[in-house]
Amino acid sequence: MTRVGILISGSGSNMEALVDSMTGDHPARACVVLSNVPGAGGLARAAARGVAIETVDHRAFGRDRAAFETALDAALAPHAPDILCLAGFMRVLTADFVSRWAGRMLNIHPSLLPKYRGLDTHARALAAGEAEHGCTVHAVTPALDDGPILGQARLRIAPDDTPATLAARVQLLEHRLYPLVLRRFAEGETDPVMLD
Ligand code: GAR
């Protein structure tokens with residue numbers, strides 16, 4: 001059975017979708033949910049599902065990213081994850097950490113990459129007058145919101161969309177896309193999947 005660690009910073013709705021998908025004949029199970037934010041809403045949601053939880057508060061390490069990541073490694077190690085899923089994990093990871101997980105770490109990003117890397121993707125897509133928006137799951141490489149695309153889901157932007165309504169609609173897509181891509185990835189399938 002493939003063991004999946006999930007890293008979060010917030011409410012963890014994508015984490016929930018991932019955990020809930022890993023049942024029955026799914027080849028993977030969630031082994032730990034780790035947050036860099038103490039008390040993040042997702043921690044209670046994970047614990048309620050019987051998944052082990054860990055917290056590594058990045059603020060305890062100041063600007064020392066290497067020390068933060070050493071603590072991440074130490075918190076993850078007892079759970080022995082094979083794959084890491086970033087699910088709203090809002091810390092940039094160093095090239096060292098990323099290379100240790102090369103080919104074994106996924107991220108979900110709320111845009112149709114390579115468009116709109118970084119933050120405020122929904123507002124930026126609206127401001128640019130885009131007709132479409134969506135989300136991407138990709139393998140993590142050292143460059144931010146880069147790396148081979150494993151799946152995308154898209155929607156049409158409505159004339160009355162606001163950043164909030166668009167974010168809510170994209171999140172519904174995220175909850176479909178990420179479990180689908182994770183399952184395929186755990187089965188060794190890395191051809192990109194596109195949801196319309
Ligand atoms: C998700 O929309 C995810 O795409 C985004 O944070 C949200 C977390 O929500 N991630 C990023 O912006 C990463 N660059 P959740 O905690 O409810 O899953």
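Remember, it's 1-based here, ligands and their atoms both numbered in the order they're listed. Hydrogens, waters and symmetry mates play no part in the numbers below; they use all other heavy atoms, side chains included.
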Close side-chain approach of N36 and F68, heavy atoms under 4.5 Å: yes
Among protein heavy atoms, which lies nearest [atom], and at what distance?
{"atom": "atom 16 (O) of ligand 1", "result": "G12 N, 2.8 Å"}
{"atom": "atom 12 (O) of ligand 1", "result": "P110 CD, 3.4 Å"}
{"atom": "atom 3 (C) of ligand 1", "result": "E174 OE1, 3.5 Å"}
{"atom": "atom 15 (P) of ligand 1", "result": "S13 N, 3.4 Å"}
{"atom": "atom 7 (C) of ligand 1", "result": "Q171 NE2, 3.8 Å"}

Consider ligand 1: state whether an atom of it lies below 4.0 angstrom from any non-hydrogen atom of [X].
{"X": "C135", "value": "no"}
{"X": "M90", "value": "yes"}
{"X": "I108", "value": "yes"}

D161 side chain to A158 backbone, donor-acceptor under 3.5 Å: yes
Backbone N/O of L113 and side chain of Q152: donor-acceptor pair under 3.5 Å: yes
Sub-3.5 Å N/O-N/O distance, H109 and ligand 1: yes
Sub-3.5 Å N/O-N/O distance, G118 and ligand 1: no
Ring centers of H138, H109 separated by less than 6.0 Å: no
Side chains of T2 and D82, donor plus acceptor under 3.5 Å: no
Side-chain donor-acceptor contact under 3.5 Å, H79 with E54: yes
From CA spacing to verdict: salt bridge (charged side-chain N to carboxylate O under 4.0 Å, His left out), E130, R124: CA-CA 9 Å; E130 296 282 0; R124 287 157 59 208; over 6 Å; no
Interfacing atoms of ligand 1 (cut-off 4.0 Å, heavy-atom, S11): 15 (P), 16 (O), 17 (O)
Subset of ligand 1 atoms that lie under 4.0 Å from at least one heavy atom of G88: 6 (O), 8 (C), 10 (N)
R183/D25 salt bridge by N-O under 4.0 Å criterion: yes
Salt-bridge criterion met for R65 and D96 (N-O under 4.0 Å): no
For atom 18 (O) of ligand 1, the option (of V92, L177, N14) bearing the nearest heavy atom: N14
